Structures are given as C-alpha cells and as structure tokens.
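To keep things clear, I will list the structure first and then write my remarks on it.
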Amino acid sequence: MAERRRKAAELGTAGVRPWGVDFTPDHSCLEAAELAPAVPGEAGPQVRVAGRLLRLRPSGGIAFADCFDATGRLQLMARMDGPAPRLVELLSGLDLGDIVGATGAMGRTARGEPTLDLQELTLLAKALRPPAGKHSGVVDQELRYRRRYLDLLSTPQHQVAFRQRSAILRALRQVLDGSGFLEVETPILQPIPGGGEARPFITHHNALGTDFYLRIALELHLKRLLVGGLERVYEMGRVFRNEGLSPRHNPEFTLLEAYAAYADRSTMMALSEQLVGAAAEAARAIGPVPDSTATLTPPFRRSSMSDLVGAVLGTDPLALWDRPEELAEAGRRRGASIPERAPVGELFFALYEQLVEPNLRDPVFVTDYPVEVSPLARRGPDPRFCERFELVVEGRELANAFSELNDPLEQRRRLEDQARRRERGNLEVPPFDEDFVEAIEYGMPPAGGIGLGVDRLVMLVLGAANIRDVLLFPTLRPE
RNA sequence: GCCGCCAUGGCGCAGUGGUAGCGCAGGGGCCUUUUAAGCCCAGGGUCGCAGGUUCGAAUCCUGCUGGCGGCACCA
C-alpha cells in the first residue's frame with residue numbers, strides 16, 4: 001500500500017489527479033463490446049466507458065487491460081503505433097483495482113476479442129489496496145462477510161443473489177400496492193416491545209431520560225392504524241431480536257406484515273400465495289433458482305394442526321383434550337419432550353413443533369392454532385383454537401397469519417395472562433401494553449393480518465442454506 | 001449458552017517435531033496482439049494470542065480470541 005501511496009503522489013506531481021475527476025461514460029462495457037466490428041482490424045464506433053481494472057497485461061510496446069463494470073468485462077488496449085502512444089506507459093503503470101474512464105474506437109483483436117483502442121485514458125480513482133482474490137475469489141467466510149465489497153468485487157456471481165433479493169422485495173411491494181395496501185413506517189424505538197415473543201435490544205434516549213426497546217415485531221402499531229381508519233396497511237422493515245446467531249438467524253432481520261380490515265384468515269391465505277408466487281417468479285427473472293423453487297408455485301395444500309398431530313400420534317388429540325396426561329404420554333412415546341405444568345394448548349403445540357413441523361417439506365398451510373399460543377388471534381368455531389395459519393416450507397415457518405382479535409375485553413385478558421407468564425420469569429414474553437389495548441377499545445374493525453419472514457423467503461427461493469448469503473452485511477462480532 | 005472443526009505473508013494454499021515454502025498481488029527489469037499473458041531479479045511472515053511439554057514447536061498439550069458448522073430458541 002505504501003508503494004501505491006507513492007504512485008498516487010507521483011501522479012499528483014505529474015499533473016494527474018488520482019481522485020475526484022468526473023467522467024461520464026456513454027456505454028457500458030457490455031454495450032461497447034457489442035459494438036465491436038465483426039472483422040479484426042476494422043475501426044468501429046467511438047465509445048466512452050468506465051470501470052475497474054482487474055487485469056493488466058503490459059507487453060512492451062502494447063498493453064492490454066480488462067475493465068469491469070456492472071455489466072461485465074471489456075478489454076482496453078494501448079499501443080505505440082496506435083492513436084495515443086503515450087498511453088502505453090500510463091496504462092502499464094496503473095495498478096489492479098484502479099478505476100478509469102476510457103475513450104476510443106471499438107475494434108477487434110486478431111484473436112477476436114472486442115477491444116477498445118484507447119485514445120484517452122483518465123484515472124478516476126487510484127486504489128491504494130489491491131483487490132483480493134484475483135484467481136480464487138475471496139473464499140474466507142469471515143472476509144466475505146466483514147468486507148462484502150471484496151466478495152462482490154472478486155466474485156461478481158455473488159452479486160446476483162442480492163439483485164434477486166431486491167427483485168423479490170419489489171415484487172412483494174407490487175402485490176400489496178396492487179391490492180390497495182398502504183405502505184407505512186412505524187416506530188423502531190418503542191417504550192414496550194410487543195407483537196411477538198423475543199428478548200429485545202435495549203437502548204437509551206438521553207433527552208427523555210428513558211430506555212427504549214428496538215421493536216421485535218410490527219403488529220401492534222399496524223393494528224393501531226386499523227383503528228385509525230387506514231384499512232389496508234403494510235410495513236416491510238427491520239426488526240431486532242436479542243437471540244443467538246445461526247445459519248438461519250440474524251439479530252436484525254426483515255419482516256413484512258400486512259393488515260386488511262374486513263378481511264380474515266382466508267384472505268390472508270390467498271394473499272400469501274400471491275406473495276410467495278410473485279417472489280419466486282421475480283427471482284427467476286433475474287437469475288438462477290434451484291429446482292426446488294418450483295414447489296413454491298401456488299396453490300398450497302392446507303391441513304389442520306390437529307389432523308397433522310393426530311396422524312403422527314395415531315390418535316385424535318381433540319379427544320384427549322380433557323386428559324392432557326394421556327396426550328403427553330402419547331407424545332412421549334414418539335420421543336417428544338413435554339413442557340411441565342403447561343396448559344393443554346401449549347402441550348399440543350409442543351407436540352406439533354417437535355413431531356410434525358420439522359418434517360413438513362412442501363408448502364403447507366397449517367391451520368387452527370391453540371388459543372394459548374396465539375394471544376392476538378381471534379377464536380374460531382371451536383373455541384379451543386384460533387383462526388390462524390402458518391405457511392410451513394421445508395420445516396420452517398415462512399408466514400404466520402390470522403383473523404385478528406378485535407374484542408378489547410378478551411384482548412386485555414389474554415395480554416394480562418401473558419404478563420403473568422413474564423412475572424414468572426419468562427423474559428421473552430412482552431410486558432402488558434396498556435396503550436395498545438386502549439386503542440382496540442376505540443374499536444378495531446374485523447381484520448386479517450399476516451407476517452412474513454422476508455429473509456427466510458429469499459433463502460427459500462434462492463436455495464440459500466445460510467441467512468448470511470442473503471444479507472449484504474450480516475451481524476458479526478466486532479473486530 | 002453448549003458441542004465439534006478451523007486459524008501459516010495483502011489474497012489463495014503447502015508444510016504433522018529439526019528452525020517456513022509455492023502461486024497470485026506488490027517492487028525492479030525485458031517483451032508491439034495479450035486475455036489467470038510470459039521471462040529474469042530482489043523483497044515481504046515473531047505460523048491468531050498467551051502459557052506449557054521438548055535439546056528443539058507452525059507441528060504436541062492447556063487456556064483465550066475470532067470464524068464456520070451443529071444443538072437449543074425463534075422468523
């Protein structure tokens with residue numbers, strides 16, 4: 001790097017500014033290459049291109065360089081018997097990683113390579129550090145994540161997944177915008193975190209002299225907007241959970257939640273099919289997706305949780321509802337570990353999570369969740385269960401949706417029950433949120449709501465095994 | 001939080017008890033059609049950190065740090 005600093009200084013004294021020069025290309029590298037004449041030796045059109053030099057091949061009286069931009073590669077050539085002989089020395093003296101603007105006529109070399117015959121060469125940015133991984137690409141995982149730019153630079157294929165992610169986000173918004181949903185933004189700093197079960201991050205506001213929590217979900221504020229008369233709202237944003245890291249967990253991740261007044265669970269089922277289908281299609285339009293993505297084509301089958309659990313246990317869990325010890329025993333025989341002193345709904349749900357969910361491969365709507373594990377969902381015809389579903393794919397929950405509970409009296413009771421669990425030491429249960437219940441007391445229209453894990457969706461569509469492969473800058477321990 | 005694996009010049013790697021090497025990158029030189037360009041020369045590492053075993057440690061042992069993978073929890 002010291003050598004490159006010296007070079008930059010030398011260029012400065014020679015009247016070449018190593019940085020801060022403007023240059024407007026009129027062609028991309030790909031476009032320029034396509035303008036090359038078919039026959040070697042012929043002169044094609046004039047072009048201006050800009051990009052980064054990632055290979056240099058000086059060869060005495062002639063010099064070649066490969067210039068890369070977002071569209072691809074273009075060979076540059078300077079020669080002593082060409083239009084600008086002095087550029088041979090200039091080009092030969094540049095370093096890998098330097099960013100240049102180039103002007104000249106497109107031609108084709110004897111070997112058939114589309115090549116820009118340089119007339120002008122402008123240094124736009126001197127690279128003080130060399131690009132890593134010229135041959136191998138950057139393969140060290142830590143380096144890839146900590147210095148993502150080196151990964152993207154050395155292995156341009158890795159850019160594709162992020163272009164696909166962008167297309168998926170756009171597709172999700174298009175579906176919702178097209179269905180009359182209003183995109184909104186709600187607070188990330190919250191006095192009480194709610195809408196899910198997770199340990200929150202805590203931060204402090206100096207002027208107010210009070211602690212705030214980073215949100216763990218979007219639900220409670222979006223429902224306040226339903227009360228306010230914004231009948232269809234959604235938010236796609238970052239939420240934060242103070243939990244462990246894993247190939248499928250990042251402490252901050254992107255959640256999409258949408259709420260529609262005068263709609264219910266079945267509306268949300270149709271919407272989630274639309275969202276997932278659109279996401280898969282959008283990714284496919286940008287780049288390769290694995291064959292398994294084909295299974296993400298709607299419609300998806302649906303099955304009630306009690307049917308699924310019953311199929312594994314070989315006995316109807318509903319018939320054992322009043323005899324939880326027998327239900328627990330049936331689960332134990334299948335190898336499930338049973339939560340102690342848990343209400344029957346929680347016990348039943350534990351059996352589902354352990355014995356059923358991990359084995360669900362194709363997309364399936366699992367319907368009818370126990371009331372005990374669904375504090376914000378409305379009861380169904382069978383009061384033991386809520387009108388709720390989760391879309392499960394490859395053993396993982398992709399979306400969670402329900403007919404929203406809009407009875408303020410019952411909502412208050414359920415959140416008070418939760419608060420008692422918190423007092424018993426479960427820090428993942430949110431504290432009681434009086435402000436939210438008060439909002440519901442003003443009258444919330446019946447509504448359907450859905451939450452969708454966007455990173456999980458991207459992973460699934462792209463076949464990524466690690467969430468870090470779909471996050472540009474995954475959370476790592478500070479260096 | 002627990003368990004396992006990994007850590008060697010800027011990047012990619014070799015070296016499993018005898019005092020550290022290769023390719024690329026960087027420096028100097030040669031070369032007028034190269035495309036992972038080639039050839040010649042010189043340089044660069046207290047082998048993640050700290051202890052220990054040994055006549056001798058990159059190599060064996062312990063601890064720590066960081067990464068990856070798995071489990072637990074969740075999306």
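Every heavy atom of this structure was used, including side-chain atoms; hydrogens, water molecules and symmetry mates were not. Keep in mind the model is a prediction, meaning the values are calculated, not measured.
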First locate atom CZ of R79(A), then atom CG of L91(A), and finally report the distance between them rounded to the nearest 0.5 Å. 13.5 Å
d(L391(A) CG, L452(A) CG) to nearest 0.5 Å is 8.0 Å
Nearest whole angstrom, please: distance from the [atom2] of [N] to the [atom1] of [X].
| X | N | atom1 | atom2 | result |
| --- | --- | --- | --- | --- |
| E89(A) | G29(B) | CD | P | 11 Å |
| Y145(A) | C6(B) | OH | P | 19 Å |
| L143(A) | G48(B) | CG | P | 17 Å |
| F68(A) | A36(B) | CZ | C1' | 11 Å |
| Y149(A) | C11(B) | OH | P | 11 Å |

Contact class for [X] vs. all strands (heavy atom < 4.0 Å): base, sugar-phosphate, or nothing?
| X | result |
| --- | --- |
| L96(A) | sugar-phosphate |
| G453(A) | nothing |
| P58(A) | base |
| R241(A) | base |
| N250(A) | base |
| E397(A) | sugar-phosphate |
| S246(A) | base |
| D140(A) | sugar-phosphate |

Write down the distance separating the [atom1] atoms in [N] and [M], rounded off to the nearest Å.
| N | M | atom1 | value |
| --- | --- | --- | --- |
| G18(B) | C64(B) | C1' | 29 Å |
| C71(B) | C61(B) | C1' | 28 Å |
| G38(B) | A25(B) | P | 8 Å |
| U19(B) | U62(B) | C1' | 24 Å |
| G9(B) | C24(B) | C1' | 12 Å |
| G1(B) | U8(B) | C1' | 32 Å |
| C13(B) | C3(B) | C1' | 29 Å |

Now, which nucleotide makes the Watson-Crick or G-U wobble pair with [N], with each of the two distances under 3.5 Å?
| N | value |
| --- | --- |
| C2(B) | G70(B) |
| G63(B) | C49(B) |
| G9(B) | none |
| A25(B) | none |
| G38(B) | C30(B) |

Classify the ring geometry between F389(A) and F365(A) as parallel (under 30°), tilted (30 to 60°) or perpendicular (over 60°). perpendicular
When you check the gap from the basic side-chain N to the acidic O, do [X] and [Y] get nearer than 4.0 Å?
| X | Y | value |
| --- | --- | --- |
| R215(A) | E235(A) | yes |
| D264(A) | R388(A) | no |
| R421(A) | E197(A) | yes |

Indicate whether OP1 or OP2 belonging to A25(B) is found under 4.0 Å from a side-chain N or O atom of K134(A). yes
Short side-chain N/O contact to C74(B) OP1/OP2 from R199(A), under 4.0 Å: no
Given that R55(A) and D95(A) both sit by RNA chain B, which one's nearest nucleotide is further toward the 5' end? D95(A)
